[in-house]
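Only heavy atoms go into these numbers, but all of them, side chains included; no hydrogens, no water, no symmetry mates.
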Amino acid sequence: MNGYLATLIRGLAATAATALLAVTATVAAPTSSPAWADGGENVSVGTLLAARAHPAVQLTSLTFSAEVVVPTAEVRQGALEELATQIQVLVAAGKIPSDEPSMYKYMFKRMAADVDKYLIPAAPNRKVEARVGGMCTGWWVTPDGYMVTGAHCVDMSDDELSQTFAQQALQKFNEEDAQEVIKGLENVVADDALIEAAQMVYINFNSAHMKLQKLQKSLAVLQSLPGGGVDKTAKEVPAELVSVGESYPGKDFALLKVNNQQNLPTVPLGDDSDVQTGDTLYISGFPGLVTNTPFFSIESKLDPAMTEGPYNARRTTTEGVPYIQTQAPSYHGNSGGPVFSRDGKVVGMLIAGTVSEGGEASENESFVLPVSIIKEKLNEKNVKPSASLTTTKYNEALDAFFAKHYKDALPLFREVQALHPNHPYVAKYITDSQQAISAGKDETPQPVWLWIAIGLGVLIVVGGGLALLMVLRRRRKRATATPPSYGQAYGGVQATAIGGQEERQEWRQPAAPQRYALPQGESSGAPSPGAYSRGGPAQGQYPPQPQYGGPGYDQTGHDDRHDGHPRYDQYGQPIQAPDGATRYVRPAPPAYQQGAERDVAELEREVAELRRRLGQRQAPDA
């Protein structure tokens, strides 16, 4: 039976150990790196990085409003007559065609090249209310509304401002003046080239003599507001200019503050050393080719674009300012946008790009202000970049979402929505997560606490089973130690019944040793057959003593046989030890226990105790 119990206990212990190891492995297993760090399965680094960065990237607006005053253009007659004479000479020399449209085109080009020689300002003045400006990119660095962008995105020089108003506010005047001149040309059919030449004269004149009155400047952030499901609308939020550096090639940096903001999504700043030549850079921003095009919806215009390209070289301007050259594509409107390393940290800000002779931006070369300059400028204003709870929860939700753990991602996205109700993307992720769960695409693993509970349950069950087995084992030991009924078979040996009730009682409660002491001088010879009866030994008589040196005893009277079987005299009675007590004979186990293990240790202890007691007795006198 002991062998069976041992085998069973070992099996249960192995089960418990396996369960415990499973729970331990689940709890102690290191958290896997975020999906965006390595690109994840079937998801690119750029996609995951854009998902994290875009909520913090905002479209910024610089607006100037003014009353534009333009004088009327009056022709200088003498200068114009002199020009007409020169044209006739050139026609006669065959240097220009002799048809009137060709001669007028040549005249307008000469006038546009030096408008003040041929035109003078005159009354009346013409006025128009105008608003001009431009779009750039900015990004939140603190949850309470500090934003970084480029210096050239928040201010214009006087020349730049005049050119911008001339281009955007004077178009109507330029067209009207050109049409008025062409009407005065008799018998001439004006083509597009002639109209364009005439307009150029007044574009240059009006721009040169334009005056701005009641000029006002405003900065704003166009925050995208969720509305109607996942659609977005724009809201201009005024921004305060806190700090501004020098435009490119200087330290092209500006710091804005939008008041009454909290829990805004932010992006983390890295270090210059995070990237080097050959690394891939990622640019987030709003290209003007989208924001200035009327064909795209407002929702499309409020979504940043992500471009990427290699880090080509590190440059330094003539003013000593470091810049990074990259082949990541950029466009007008991308200025001020954050530039990221592969691990999702800002390593710089896009400032400029090369421009072709036609004024088009080149995709091959963009220049990035390093993040060290950005940190320097933030420190000057004691602004400490920090991550908001919105960002932390949103990033956790994105990691779960891209790992297809939609059930884990859904409550995190809802927390983000509660923290920042105007979050531009969280509503879409909530919808996508719900649809994925409904479609059976969720792969969320069981929570750790469930595995812990299962493991603890297994341990409790195993512990209870072990305790029960121990109790049963103790009971069986006690049952084995109880004296058996005489007359039963023990391992094939027929035991002889010994005495009656009194004798059995005496066996259970042996008398004190002095009761069995032999009287001095009494013979220890063998008793007569009638010395013992079924009722036990006669009063005052003692059981026969074994002969020293006889079979089974050594010279001291100790039993030298260790087979564990009792010795009987000629009458079938058990031979008693010298102290007079009936030698205790441990019964053999029942037949059904023959194949079970015996409690050897307990039996050896009992034999040793019996030998000790026998050894303490002195041999009787001969």
Side-chain angles (χ1 to χ4, degrees), residues 63-134 156 158-215 288 292-295 357-360:
T63 303
F64 290 93
S65 61
E67 184 180 72
V68 181
V69 180
V70 181
T72 301
E74 185 175 307
V75 177
R76 294 179 184 268
Q77 291 294 335
L80 190 57
E81 290 176 359
E82 181 181 352
L83 178 59
T85 300
Q86 294 176 357
I87 292 175
Q88 291 175 356
V89 172
L90 293 173
V91 170
K95 294 183 177 180
I96 59 174
S98 59
D99 62 285
E100 290 186 347
S102 296
M103 290 189 290
Y104 282 126
K105 289 178 185 178
Y106 181 82
M107 180 184 68
F108 288 144
K109 290 180 180 179
R110 291 284 302 271
M111 291 178 65
D114 191 0
V115 292
D116 288 338
K117 181 179 180 178
Y118 302 101
L119 299 175
I120 58 175
N125 289 333
R126 295 168 294 175
K127 299 180 180 180
V128 63
E129 297 289 338
R131 287 168 57 92
V132 300
M156 292 183 184
D158 292 341
D159 289 342
E160 291 175 332
L161 189 60
S162 295
Q163 292 176 8
T164 304
F165 267 106
Q167 293 172 359
Q168 299 184 24
L170 298 181
Q171 183 177 359
K172 179 180 179 182
F173 292 147
N174 297 335
E175 291 176 354
E176 290 176 352
D177 292 344
Q179 289 292 337
E180 188 68 24
V181 170
I182 290 174
K183 285 180 182 179
L185 302 177
E186 298 179 358
N187 302 321
V188 175
V189 178
D191 57 12
D192 291 341
L194 180 59
I195 295 174
E196 183 178 352
Q199 286 183 354
M200 186 59 63
V201 173
Y202 291 99
I203 287 174
N204 292 345
F205 175 82
N206 291 336
S207 298
H209 297 279
M210 175 190 68
K211 294 183 180 180
L212 300 178
Q213 299 177 352
K214 303 177 182 179
L215 180 65
N292 297 330
T293 301
F295 306 114
E357 293 181 358
E360 298 297 327

- Message: For I182 versus A190, what's the shortest heavy-atom pair and its separation?
- Response: CG2-CB, 3.7 Å

- Test log, rule side-chain contact (heavy atoms from CB on, under 4.5 Å), inputs K172 and V128: CA-CA 10 Å; K172 179 180 179 182; V128 63; over 6 Å; no

- Message: Give me the atom names and distance for the closest heavy-atom approach of A169 to V68.
- Response: CB-CG2, 4.2 Å

- Item | More than 12 heavy atoms from other groups under 6.0 Å of CZ on R76 | yes

- Please report the closest heavy-atom contact between V91 and P97, naming both atoms and the distance. CG2-O, 3.8 Å

- Message: Looking at E196, I'd like to know if its CD atom is crowded, meaning that more than 12 non-hydrogen atoms belonging to other residues, nucleotides or ligands lie closer than 6.0 Å.
- Response: no

- Give a yes or no on whether the backbone of E81 and the side-chain of T85 come within a donor-acceptor separation of less than 3.5 Å. yes

- Considering only heavy atoms from C-beta outward, does the side chain of L194 approach that of F108 to under 4.5 Å? yes

- Item | Closest non-hydrogen atom pair between P71 and F205, with its separation | O-CE2, 4.1 Å

- Message: Just verifying a value: how many Å separate R126 CZ and D177 CG, rounded to the nearest 0.5 Å?
- Response: 4.0 Å

- Which distance, rounded to the nearest 0.5 Å, do you find between the CG of N206 and the CD of Q199? 11.0 Å

- Task: Output the distance between atom OH (Y202) and atom CG (L170), rounded to the nearest 0.5 Å.
- Result: 14.5 Å

- Do I96 and K105 touch side chain to side chain, with heavy atoms closer than 4.5 Å? no

- Message: To the closest 0.5 Å, what do you measure between OG (S162) and NZ (K211)?
- Response: 12.5 Å

- Item | Pairwise side-chain contact, L83 with M111, heavy-atom cut-off 4.5 Å (strictly under) | yes

- Task: Please answer whether the main-chain N or O of A112 pairs with a side-chain N or O of N204 as donor and acceptor at a distance below 3.5 Å.
- Result: yes

- Taking side chain as C-beta onward, heavy atoms only, is V201 less than 4.5 Å from Y118? no

- Query: Measuring from K109:NZ to M200:CE, what's the distance to the nearest 0.5 Å?
  - Reply: 10.5 Å

- side chain to side chain donor-acceptor pair (under 3.5 Å) partners of Q86, counting only residues at least two apart: R110

- Message: Is there a side-chain contact between Y106 and L90 in this structure, where contact means two heavy atoms from C-beta onward sitting under 4.5 Å apart?
- Response: yes

- Query: Side-chain contact, heavy-atom cut-off 4.5 Å: L215 with F165?
  - Reply: yes

- Query: Picking from M156, Q168, Q163, what satisfies side-chain contact (heavy atoms from CB on, under 4.5 Å) with V132?
  - Reply: Q168

- Item | Nearest heavy-atom neighbours spanning M103 and S98 | CE-O, 3.5 Å

- Task: To the nearest 0.5 Å, tell me how far I120 CD1 sits from T72 OG1.
- Result: 11.5 Å

- Message: Does D158, at its CG atom, have more than 12 non-hydrogen atoms belonging to other residues, nucleotides or ligands within less than 6.0 Å?
- Response: no

- Query: Are side-chain N/O atoms of E175 and Q179 paired as donor and acceptor at under 3.5 Å?
  - Reply: no

